[in-house]
2 protein chains.
Amino acid sequence: MHLSISEENYIKAIFHLQEADGTVSTNQLAANIHTKPASVTDMLKKLTAKRLLLYKPYQGVRLSSEGRKLALEIVRKHRLWESFLVDKLQFGWDEVHEVAEELEHISSKKLVDKLDQFLGNPKFDPHGDPIPDSNGVMHAIRQVNLLDLKPHTKAEVCSVGSQSPELLELLKHKQILIGTRLEVQHKFEFDHSLEIQVEGKGKINISQQLAQALFVKII
Amino acid sequence: MHLSISEENYIKAIFHLQEADGTVSTNQLAANIHTKPASVTDMLKKLTAKRLLLYKPYQGVRLSSEGRKLALEIVRKHRLWESFLVDKLQFGWDEVHEVAEELEHISSKKLVDKLDQFLGNPKFDPHGDPIPDSNGVMHAIRQVNLLDLKPHTKAEVCSVGSQSPELLELLKHKQILIGTRLEVQHKFEFDHSLEIQVEGKGKINISQQLAQALFVKII
DNA sequence: AAAAATATTTAGATTTGTCTAAAAATATTT
DNA sequence: AAATATTTTTAGACAAATCTAAATATTTTT
């Protein structure tokens, strides 16, 4: 099934919008995609004919299972490219979205899987959003990046941003594991480093780069 | 100046075709881009209006200096992405062209420059074609990849595929420098490794990966 | 230098994705 | 439940990039 960039953008937008409501309205979609409702209706008909949507006129729309599969592929690509931009090319995590919006439309399946492998099969992107694997399986728990925790919040490490040997070496040295409980004490503006209190251990310092690679759930 | 993907493909095709003749005919372009001559004429008018082409009806076309500048940006992106795919993602150098045809249209200037840096500012792509730098300067000498040399050809090393520290370490160990003269003795099908005779030194073995990173001129 | 062959351009149609304006359906208010 | 407001769809138009068929230029052959 080959989709144009526009078609892919509709599929992706419906995927994200239906997370909340289960079903998506024409106006919602028009606002999200920055088009007019009339254009949306046209596209909904087209994608329905391709069996990617479940659509009843006036009743809103949601993805078919085939549509959902494609959406997950697009989301996977988006989040892997964001990870690449931040981890390998040293982009700031707040400046990668637009570029990833372009890169997510590159079609090669082989490219995506090799990129995934190159990045160490990360489970979460730099924003803490889960990356679907090549079968479309995505970890459901929404985790938050350690960098985004407010001071004096208690949290538990539940995932790391990648599997790179360098990261793992550092975590071992700092004795941080999945399940480690901690509390952010200070955030330093200058270098975005953190001082954290590790449960059962003392206070340690975490660099911006390390914090970016750690995902926690608030407890 | 924002160009559509189609427009970029025309600019790039004209760039490559005019290398040979200096000027490009409508039919040449149609054949190259897999369109009909009538479509080419339309696009030539459009790009001429944008001052990217020098075009006289019935007399063929060539790039304006502005057009050439854009062409070099596209070629730069294409060749950097090919280098990325081969050096970082372990693609074979014969399977990267199509993917790079897509990636070359990603517009972010910052992305290209960061990618260039990440790859160690390579001067040649995996096929031995020169990569323009961010100012559009390109090394003119067409060099050939060591892998593509026929046995018993004498050659002189004139460039390396990248500046990665790992590559440089290996070259140092093998005492291979820019200017080193050598002759290919054997090519081994099994692992694509080479046995070469280095002038003034003995016979040494070169792995496929290393040969791929060496560009020579035949002497 | 005509005639024939080839190359190029023009004219008009098609597809994709968008738009505006008007009509129809649904939802909300009175 | 009627009137009003909102949402959604339909109808018709437009720009980009392509196509086919026909007309026009240019080049080659005789």
Side-chain angles (χ1 to χ4, degrees), chain A residues 1-15 17-18 20-63 67 70-71 74 101-102 104-105 107, chain B residues 1-15 17-18 20-63 67 70-71 74 101-102 104-105 107:
Chain A
M1 168 87 28
H2 179 262
L3 297 187
S4 72
I5 290 176
S6 277
E7 290 172 323
E8 287 196 349
N9 283 336
Y10 275 89
I11 292 289
K12 188 183 56 153
I14 294 166
F15 176 83
L17 290 171
Q18 79 175 19
D21 306 29
T23 187
V24 183
S25 76
T26 303
N27 271 2
Q28 262 185 301
L29 210 38
N32 188 272
I33 268 180
H34 302 109
T35 57
K36 303 295 163 177
S39 310
V40 172
T41 301
D42 287 347
M43 187 59 96
L44 294 185
K45 283 192 216 158
K46 194 169 140 195
L47 293 173
T48 302
K50 292 189 176 189
R51 313 197 153 282
L52 302 177
L53 300 182
L54 303 172
Y55 165 59
K56 295 267 187 180
Y58 296 102
Q59 305 301 299
V61 71
R62 58 203 181 85
L63 295 174
L70 289 170
I74 300 163
E101 291 280 294
E102 286 189 69
E104 74 191 359
H105 301 294
S107 57
Chain B
M1 168 85 31
H2 179 260
L3 297 186
S4 70
I5 291 177
S6 276
E7 290 172 322
E8 288 196 349
N9 283 335
Y10 275 90
I11 293 289
K12 188 182 56 155
I14 294 166
F15 176 84
L17 290 171
Q18 79 176 19
D21 306 29
T23 188
V24 183
S25 76
T26 303
N27 270 2
Q28 261 185 302
L29 210 38
N32 187 273
I33 269 180
H34 302 108
T35 57
K36 304 294 162 175
S39 310
V40 171
T41 301
D42 287 346
M43 187 60 95
L44 294 184
K45 284 192 215 158
K46 195 169 139 194
L47 293 174
T48 302
K50 293 189 175 187
R51 313 196 152 283
L52 302 176
L53 301 182
L54 304 171
Y55 165 59
K56 295 266 188 182
Y58 297 102
Q59 306 301 300
V61 71
R62 59 203 181 84
L63 295 174
L70 289 171
I74 300 164
E101 292 279 296
E102 286 189 68
E104 74 191 358
H105 300 295
S107 57

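We use all heavy atoms of the structure for the numbers below, so side chains are in, but hydrogens, waters and symmetry mates are not. Since we're looking at a predicted model, the values are computed, not measured. Chain A is the first sequence line, chain B the second, and so forth, proteins listed ahead of strands; every chain is numbered from 1.
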To the nearest 0.5 angstrom, please state how far the [atom1] atom of [X] sits from the [atom2] atom of [Y].
{"X": "B:L54", "Y": "B:L47", "atom1": "CG", "atom2": "CG", "value": "12.0 Å"}
{"X": "B:T26", "Y": "B:Y55", "atom1": "OG1", "atom2": "OH", "value": "5.5 Å"}
{"X": "A:M43", "Y": "A:L29", "atom1": "CE", "atom2": "CG", "value": "10.0 Å"}
{"X": "A:L17", "Y": "A:N32", "atom1": "CG", "atom2": "CG", "value": "4.5 Å"}

Fill in: Nucleic acid footprint by protein, nucleotides 4-10 of chain C - heavy-atom cut-off 4.0 Å, B for base, S for sugar-phosphate alone
---SBBB

Could you tell me which residues satisfy side chain to side chain contact (heavy atoms under 4.5 Å, CB included) with [X], sequence neighbours excluded, listed by chain and number?
{"X": "B:Q18", "answer": "B:I14, B:V24, B:R62, B:L63"}
{"X": "B:S39", "answer": "B:Y10, B:T35, B:K36"}
{"X": "B:N9", "answer": "B:I5, B:K12, B:E104, B:H105"}

Practice prompt. Could you give me the CA-CA distance, side-chain angles and deciding distance for A:K45 and A:T41, then say whether side chain to side chain contact (heavy atoms under 4.5 Å, CB included) is met?
Written response: CA-CA 6 Å; A:K45 283 192 216 158; A:T41 301; 4.1 Å; yes

Worksheet item: Contacts to DNA chain D from residues 3-11 of chain B, heavy-atom cutoff under 4.0 Å, which residues?
Response: B:S4, B:S6, B:Y10

Worksheet entry | For DNA chain D, stems built from three or more consecutive Watson-Crick or G-U wobble pairs below 3.5 Å | C:1-30 with D:1-30

Discussion item. If you apply the rule side chain to side chain contact (heavy atoms under 4.5 Å, CB included), what do you find for A:L53 with A:L44, and how did you get there?
Written reply: CA-CA 7 Å; A:L53 300 182; A:L44 294 185; 3.7 Å; yes

Fill in: CA sep, side-chain torsions, deciding dist, call: B:L52, B:M1, side chain to side chain contact (heavy atoms under 4.5 Å, CB included)
CA-CA 10 Å; B:L52 302 176; B:M1 168 85 31; 4.1 Å; yes

